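To start, the structure under review is shown below, and the notes come after it.
None of the values given here were measured: they were computed from a predicted structure. In what follows, chains carry the letters A, B, and so on, assigned in the order in which the sequence lines appear, proteins first and then strands, with residues in each chain numbered from 1.
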Number of protein chains: 2
Amino acid sequence: MNTEERTFERYLRSQGLKFTVQRKLILRKVFAMHDHFEADDLATEFRLEGKKLSRATVYRTLPLLVQCGLIREVQFGENHAHYEQTMGHQHHDHLICVTCGKVVEFCDDSIEQLQDDVCAKHGFQLESHSLEIKGYCNHCWKRICSSASSVSTRDDEERAR
Amino acid sequence: MNTEERTFERYLRSQGLKFTVQRKLILRKVFAMHDHFEADDLATEFRLEGKKLSRATVYRTLPLLVQCGLIREVQFGENHAHYEQTMGHQHHDHLICVTCGKVVEFCDDSIEQLQDDVCAKHGFQLESHSLEIKGYCNHCWKRICSSASSVSTRDDEERAR
DNA sequence: GTGCTTGCAAACCCTTTGCAAGATG
DNA sequence: CATCTTGCAAAGGGTTTGCAAGCAC
């Protein structure tokens with residue numbers, strides 16, 4: 001059993017909850033995901049692998065993983081939840097390309113520091129923060145500049161897959 | 001006709017769209033709102049005033065107002081959209097109390113500058129950004145510290161209304 | 001008139017929940 | 001064996017959409 005599993009099990013027991021097969025499978029899948037994922041991504045993968053694990057269980061388990069600090073919820077401006085691992089990933093924020101949807105992670109200590117200052121100034125006790133910058137990535141920006149008439153949108157990209 | 005209306009009308013015409021009664025009513029209501037609002041807030045107000053204006057029309061109109069720059073969408077970590085006016089409101093970000101839900105607006109030029117730098121470093125062309133800091137407001141933090149056993153949650157606050 | 005808009009209701013997506021059957025400690 | 005958990009399917013919010021009737025230009 002690895003670190004995440006021990007952390008999760010300890011958390012569950014501390015709450016009088018049980019470390020079930022399903023919860024273990026979800027934990028493993030979450031830690032096998034690269035980058036960001038949605039609740040539905042997990043459910044779909046389980047279905048594809050032929051593992052019986054209902055959407056409801058996924059939706060019930062993710063908040064537990066958030067509560068014990070193994071994952072965090074991130075906002076990408078869409079009206080549904082996205083998650084990412086916290087372990088082995090220091091805190092970071094996201095740059096999102098509004099054209100192709102590409103997400104770039106970045107970390108900036110100065111910004112973090114200034115956020116602490118803002119909190120202090122307004123008498124807030126900081127708990128978490130999320131900074132989401134939207135713009136055009138290098139690739140898309142060049143394409144827009146070179147041919148303003150035929151811009152590929154995120155929809156086009158998705159259709160192309 | 002005031003500035004917002006002229007802006008909206010000009011935008012609509014430029015797109016071959018029409019400046020209907022409903023669109024004018026929604027625009028006015030939006031500019032009569034204080035702070036932040038949700039699509040449903042508008043629909044509900046119209047209903048209360050006895051004005052016939054369907055939810056569908058509100059949902060169809062808000063994106064138009066975003067596209068012409070009169071309002072912007074803001075994320076508060078809930079899985080549905082919130083909006084705020086842009087005119088007369090310089091760019092700002094939000095501090096959100098995780099306990100009582102209070103939202104405080106703030107503006108920090110240094111943070112803005114650093115965001116520009118981050119974009120430049122990653123070859124992004126900045127389009128917009130949103131910084132959302134969650135924490136405990138002064139009031140809630142004191143209450144938590146003084147009585148760790150009886151913390152009022154946002155749910156409690158809502159129930160109390 | 002032509003074409004964009006509206007209202008309605010149904011559909012949609014993401015998420016939550018009640019319940020009876022099944023697992024866990 | 002008491003309790004927590006699961007899967008199912010139904011319900012729940014917020015949002016979108018097809019369609020026929022209604023307006024704007």
Side-chain angles (χ1 to χ4, degrees), chain A residues 1 5-6 8-27 29 36-47 49-68 71 73-83 155 158, chain B residues 1 5 8-27 29 36-47 49-68 71 73-83 154-155 158:
Chain A
M1 179 164 350
E5 292 187 19
R6 241 171 284 133
F8 194 26
E9 178 163 25
R10 203 175 302 134
Y11 172 76
L12 291 171
R13 295 211 195 290
S14 76
Q15 303 292 308
L17 305 174
K18 291 164 183 174
F19 193 38
T20 63
V21 180
Q22 290 87 339
R23 285 176 180 160
K24 190 181 292 195
L25 281 172
I26 291 169
L27 177 64
K29 180 62 72 190
H36 313 93
F37 60 91
E38 307 171 21
D40 222 55
D41 295 340
L42 299 181
T44 303
E45 289 220 16
F46 285 122
R47 174 152 309 172
E49 294 172 6
K51 293 205 181 73
K52 287 201 211 83
L53 217 162
S54 71
R55 265 175 176 59
T57 299
V58 171
Y59 277 104
R60 283 191 272 234
T61 303
L62 289 175
L64 296 174
L65 289 170
V66 171
Q67 277 156 45
C68 75
I71 63 176
E73 202 177 326
V74 287
Q75 291 280 158
F76 288 147
E78 298 175 47
N79 287 335
H80 65 269
H82 294 244
Y83 298 89
D155 286 343
E158 281 173 354
Chain B
M1 189 177 324
E5 292 187 18
F8 194 26
E9 178 163 24
R10 202 175 300 133
Y11 172 77
L12 290 171
R13 297 212 192 289
S14 77
Q15 303 292 309
L17 305 176
K18 291 164 183 174
F19 192 38
T20 63
V21 180
Q22 290 86 341
R23 285 177 180 160
K24 189 182 292 194
L25 280 172
I26 291 169
L27 178 64
K29 180 63 72 188
H36 314 91
F37 59 91
E38 307 170 22
D40 223 56
D41 294 340
L42 298 181
T44 303
E45 289 220 16
F46 285 123
R47 174 152 309 170
E49 294 172 6
K51 295 206 179 71
K52 288 201 211 83
L53 217 162
S54 72
R55 265 176 175 60
T57 300
V58 171
Y59 277 103
R60 282 191 272 233
T61 302
L62 289 176
L64 297 174
L65 289 171
V66 171
Q67 278 156 46
C68 75
I71 63 176
E73 202 176 324
V74 287
Q75 290 280 162
F76 288 147
E78 298 174 47
N79 287 336
H80 65 269
H82 294 244
Y83 298 88
R154 183 197 292 221
D155 286 343
E158 281 171 353

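A/Asp41 meets the salt bridge (charged side-chain N to carboxylate O under 4.0 Å, His left out) test with no other residue; sequence neighbours excluded. Residues forming a salt bridge (charged side-chain N to carboxylate O under 4.0 Å, His left out) with A/Glu5 (at least two apart in sequence, or on another chain): A/Arg28. By the salt bridge (charged side-chain N to carboxylate O under 4.0 Å, His left out) test, A/Arg13 is found to be paired with A/Glu9, residues two or more places apart in sequence or in another chain being considered.
Summarising the geometry, the separation between NZ on A/Lys52 and P on C/dA23 is reported as 11 Å, rounded to the nearest angstrom. In this structure, CZ of A/Phe76 is placed 17 Å from C1' of C/dC14, rounded to the nearest angstrom. Distance, B/Leu12 CG to C/dC4 C1': 11 Å, rounded to whole Å. Atom CD in A/Gln22 sits about 17 Å away from atom P in D/dC4, given to the nearest Å. Going from atom NZ of A/Lys51 over to atom P of D/dT6 covers 16 Å, rounded to whole Å. Residue B/Glu78 contributes atom CD, which lies 23 Å from atom P of C/dC13 at whole-angstrom precision. Atom-to-atom, CG of A/Leu64 to P of C/dT16 comes out at 12 Å; the value is rounded to the nearest Å. Going from atom CG of A/Leu25 over to atom P of C/dA23 covers 15 Å, rounded to whole Å.
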Next item on the list: Heavy atoms under 4.0 Å is the rule here; annotate nucleotides 12-25 of chain D 5' to 3' with B where the base is hit, S where only the sugar-phosphate is, and - elsewhere.
Entry: --SBBBB-----BS
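Remark: side-chain polar atoms of A/Arg23 are paired, donor with acceptor, to backbone N or O of A/Lys18 under 3.5 angstrom.
Residues B/Glu73 and B/His82 bring no donor and acceptor atom of their side chains to less than 3.5 Å of each other.
Considering only heavy atoms from C-beta on, A/Lys51 stays 4.5 Å or farther from A/Lys29 through its side chain.
Atom CZ of B/Phe8 sits about 7.5 Å away from atom CD1 of B/Ile26, to the nearest 0.5 Å.
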Indicate every side-chain donor-acceptor pair of residues 60-68 of chain B with a distance under 3.5 Å to a residue at least two apart or in another chain.
residue : atom : partner : partner atom : Å
B/Thr61 : OG1  : B/Thr57 : O            : 2.7
B/Gln67 : OE1  : B/Tyr11 : OH           : 2.9
B/Gln67 : NE2  : B/Pro63 : O            : 3.3

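Neither OP1 nor OP2 of C/dT24 sits under 4.0 Å from any side-chain N or O of A/Arg23.
Axis orientation changes by 30° from one end of the helix from C/dG1-D/dC25 to C/dG25-D/dC1 to the other, with each end axis drawn from 5 pairs and the value rounded to 10°.
Note that A/Lys52 lies outside the cation-pi zone of A/Phe46, set by a 6.0 Å cut-off to the ring centre and a 45° limit from the axis.
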